[in-house]
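As structure tokens, the structure follows; a few thoughts come after it.
These figures come from a predicted structure and were not determined experimentally.
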Amino acid sequence: MRGHRWIVAAVAAVAVGMPISQAPAAKPGPVAVQAKSCSGSYTHAVINGAQKCLRRGQYCAHGADRQYHRYGFHCHKRDARGSYHLT
């Protein structure tokens, strides 16, 4: 038991004597990201976490169809090769 008390006392002394410079740093705040600029005939969108400029007829990811709906597009039309395009 006596050895255990010394270990506890040593750990407590080290914890109290730790300098402030070794304290954990604060978490950084949010980082501002500049939005991608799109020309007039395109619509700016964020699809699958990436910024895109969308326009009718472009290739699209069919699995992200619900995300395209937010911006007024649909990803249902398939061409002869089986690729999807925005409508």
Side-chain angles (χ1 to χ4, degrees):
M1 278 302 244
R2 285 187 186 182
H4 186 325
R5 286 185 200 167
W6 285 104
I7 293 173
V8 171
V11 170
V14 169
V16 173
M18 183 174 16
I20 301 281
S21 63
Q22 292 181 358
K27 292 182 180 179
V31 177
V33 178
Q34 184 175 359
K36 186 174 189 176
S37 65
C38 300
S39 64
S41 62
Y42 288 86
T43 301
H44 177 264
V46 177
I47 306 295
N48 291 332
Q51 296 187 26
K52 307 279 184 183
C53 293
L54 303 177
R55 186 163 68 173
R56 189 175 164 266
Q58 286 183 318
Y59 289 107
C60 58
H62 184 65
D65 186 49
R66 293 185 122 196
Q67 295 177 46
Y68 290 112
H69 286 187
R70 289 184 206 150
Y71 304 101
F73 292 98
H74 299 277
C75 187
H76 302 283
K77 185 178 179 183
R78 290 174 78 173
D79 61 11
R81 294 203 239 155
S83 298
Y84 288 93
H85 295 274
L86 291 174
T87 54

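- Minimum interatomic distance between Thr87 and Arg56 (heavy atoms only, all atoms of both residues): CA-CG, 4.1 Å.
- Both Tyr71 and Leu86 are assigned to one and the same hydrophobic cluster, defined by single-linkage of ILVMFWY side chains at heavy-atom distances under 4.5 Å.
- Side-chain N or O atoms of Tyr68 include one that pairs as donor or acceptor with a backbone N or O of Ala61 at under 3.5 Å.
- The minimum heavy-atom distance between Ser37 and Cys53, with the atom names listed, is O-SG, 4.0 Å.
- Atom CZ in Arg70 sits 7.0 Å away from atom CD1 in Ile47 (nearest 0.5 Å).
- The shortest heavy-atom contact between Cys75 and Asp65 is N-OD1, 2.7 Å.
- Taking the six-membered ring for Trp and thresholds of 30 and 60 degrees, His62 and Tyr84 have nearly parallel ring planes, at less than 30 degrees apart.
- Considering only heavy atoms from C-beta on, Phe73 stays 4.5 Å or farther from Cys60 through its side chain.
- Here the closest heavy-atom approach between residue Arg55 and residue Ser41 is recorded as NH1-OG, 3.1 Å.
- Ring geometry for His74 against His69 counts as perpendicular: the plane angle is over 60°, on a 0 to 90° scale with 30° as the lower cut.
- Minimum heavy-atom separation, Gln67 to Val46: OE1-O, 3.9 Å.
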